[in-house]
Protein chains: 2
Amino acid sequence: MKMREEYTCPLELTHDMIKGKWKPVILWQLSKGPASLSALKKEIAGISQKMLLQHLNELQSCGVVEKKTFEGYPLKVEYFLTPRGHKIFGAVTIMQEVGIEIMREDKITK
Amino acid sequence: MKMREEYTCPLELTHDMIKGKWKPVILWQLSKGPASLSALKKEIAGISQKMLLQHLNELQSCGVVEKKTFEGYPLKVEYFLTPRGHKIFGAVTIMQEVGIEIMREDKITK
DNA sequence: CAGCATCCGATCTGATACTG
DNA sequence: CAGTATCAGATCGGATGCTG
């Protein structure tokens, strides 16, 4: 991922934050509230642990997601959206709405 | 790109529509009004013709963009957003806004 | 001006196996 | 449960040259 200063336009910056196959779905899940790694893995059908972690790390490094680690056994970690994450989630919401509309339209067309 | 029926969730569908390095910027430009290939190329700094065309084709095949071809020489073509394109543009708008905010925040932090 | 084909390196994704 | 390492295949992106 780029350093912040390298972005020439705002869209490029934000696009980086939601690019990747699973980022919108991860944000969607986290918008419901904090979640552990295993919970996310369960809720997001088809994602591999590697990709989940990789995307979570990217989301953290651009300030969209943070995590809280609880000491002890078994290990417990909670991922959650930052204020910035909630802002970007606004875009994801629209994506979801448009997607629903389109799927509905396509059903009617059939 | 997938066939419509293969999408399991709306977000996956919409994500396909804006994924790719240049799609948000292309939608941004087209939101200002119809534009020719060369106009887009001029307005979008750094894009290659190949990627521009490829993304425009993908946007067309998911019903976000259409084009109108005018016969004659020199050839003239206009790309423009469909109603569906305008809906998705709503998400792009938020991306832009969030991006601007973040860039501003980062400047203050410095 | 609009659009296609090809080649190549970079990046992304996923399966699997392993650590604290 | 959380997280890392690695390897192979798929996809993406960009440069270049060619066609109508």
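These values consider heavy atoms only, across backbone and side chains, with no hydrogens, waters or symmetry-generated copies. Everything numeric in this text was worked out from a predicted model, so none of it was measured.
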Checklist entry - Do B:E101 and A:K87 pass the salt bridge (Lys or Arg N to Asp or Glu O under 4.0 Å) test, and can you show the C-alpha distance, the side-chain angles, and the key distance before you say yes or no? => result CA-CA 10 Å; B:E101 261 185 77; A:K87 282 178 201 160; 2.7 Å; yes
Item to check | Stepwise side chain to side chain contact (heavy atoms under 4.5 Å, CB included) test for A:M95 and B:I18 | outcome: CA-CA 9 Å; A:M95 288 171 63; B:I18 60 168; 3.8 Å; yes
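If you measure from atom NZ of A:K68 to atom P of D:dG3, you get 15 Å, rounded to the nearest angstrom. The separation between A:E78 atom CD and D:dC1 atom C1' is 14 Å, rounded to whole Å. Rounded to whole Å, the distance from CG on B:L40 to P on C:dA2 is 9 Å. What separates CG of A:L52 from C1' of D:dA2 is a distance of 11 Å, to the nearest Å. Taking atom NZ on B:K41 and atom C1' on C:dA2, their separation rounds to 10 Å, with Å as the unit. Taking atom CG of residue B:D16 and atom C1' of nucleotide C:dT13, one finds them 15 Å apart after rounding to whole Å. Separating the CE atom of A:M51 from the P atom of D:dA2 is a distance of 18 Å, rounded to the nearest angstrom. D:dT16 atom P lies 18 Å from atom CD of B:Q54, rounded to whole Å.
In terms of phosphate contacts, B:S36 brings no side-chain nitrogen or oxygen within less than 4.0 Å of OP1 or OP2 of C:dC1. Distances shorter than 4.0 Å separate none of the side-chain N or O atoms of A:S48 from OP1 or OP2 on C:dT13. Regarding contacts with the backbone of C:dG14, a side-chain N or O of A:K21 is found under 4.0 angstrom from either OP1 or OP2. For the pair A:H55 and C:dT13, the criterion of a side-chain N or O lying under 4.0 Å from OP1 or OP2 is met.
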Please tabulate, one pair per line, each protein N/O and nucleotide N/O from nucleotides 3-8 of chain C that are separated by under 3.5 Å, including the distance.
| from | atom 1 | to | atom 2 | distance (Å) |
| --- | --- | --- | --- | --- |
| C:dG3 | OP1 | B:K67 | NZ | 2.5 |
| C:dG3 | OP2 | B:Y79 | OH | 2.5 |
| C:dG3 | N7 | B:Q49 | NE2 | 2.5 |

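Side-chain heavy atoms closer than 4.5 Å link hydrophobic residues (I, L, V, M, F, W, Y) into clusters, and following such links, even through other members, never connects B:I100 to A:I88. A:L30 and A:I44 fall within a single hydrophobic cluster, where Ile, Leu, Val, Met, Phe, Trp and Tyr side chains are chained together by heavy-atom contacts under 4.5 Å.
For the pair A:E58 and A:L75, both in contact range of DNA chain C, the more 5′-proximal nearest nucleotide belongs to A:E58.
A donor and an acceptor atom, one from each side chain of B:T8 and B:E12, are located under 3.5 Å apart. In this structure, a donor-acceptor pair under 3.5 Å is present between the side chains of A:K41 and A:Q49.
Between the side chain of B:T82 and the backbone N or O of B:G63, at least one donor-acceptor pair lies under 3.5 Å.
Fit an axis to the five pairs at each end of the helix from C:dC1-D:dG20 to C:dG20-D:dC1 and the two axes sit 40° apart, to the nearest 10 degrees.
Between D:dA2, C:dC12, C:dC1, one nucleotide has an atom nearer to the side chain of A:K19 than all others, and that is C:dC12.
Just one of B:H86, B:E66, B:K32, B:Q29 meets the side-chain contact (heavy atoms from CB on, under 4.5 Å) condition when paired with B:L81; it is B:H86.
In this structure, B:H15 and A:W22 have side chains that are not in contact, with every pair of non-hydrogen atoms separated by 4.5 Å or more.
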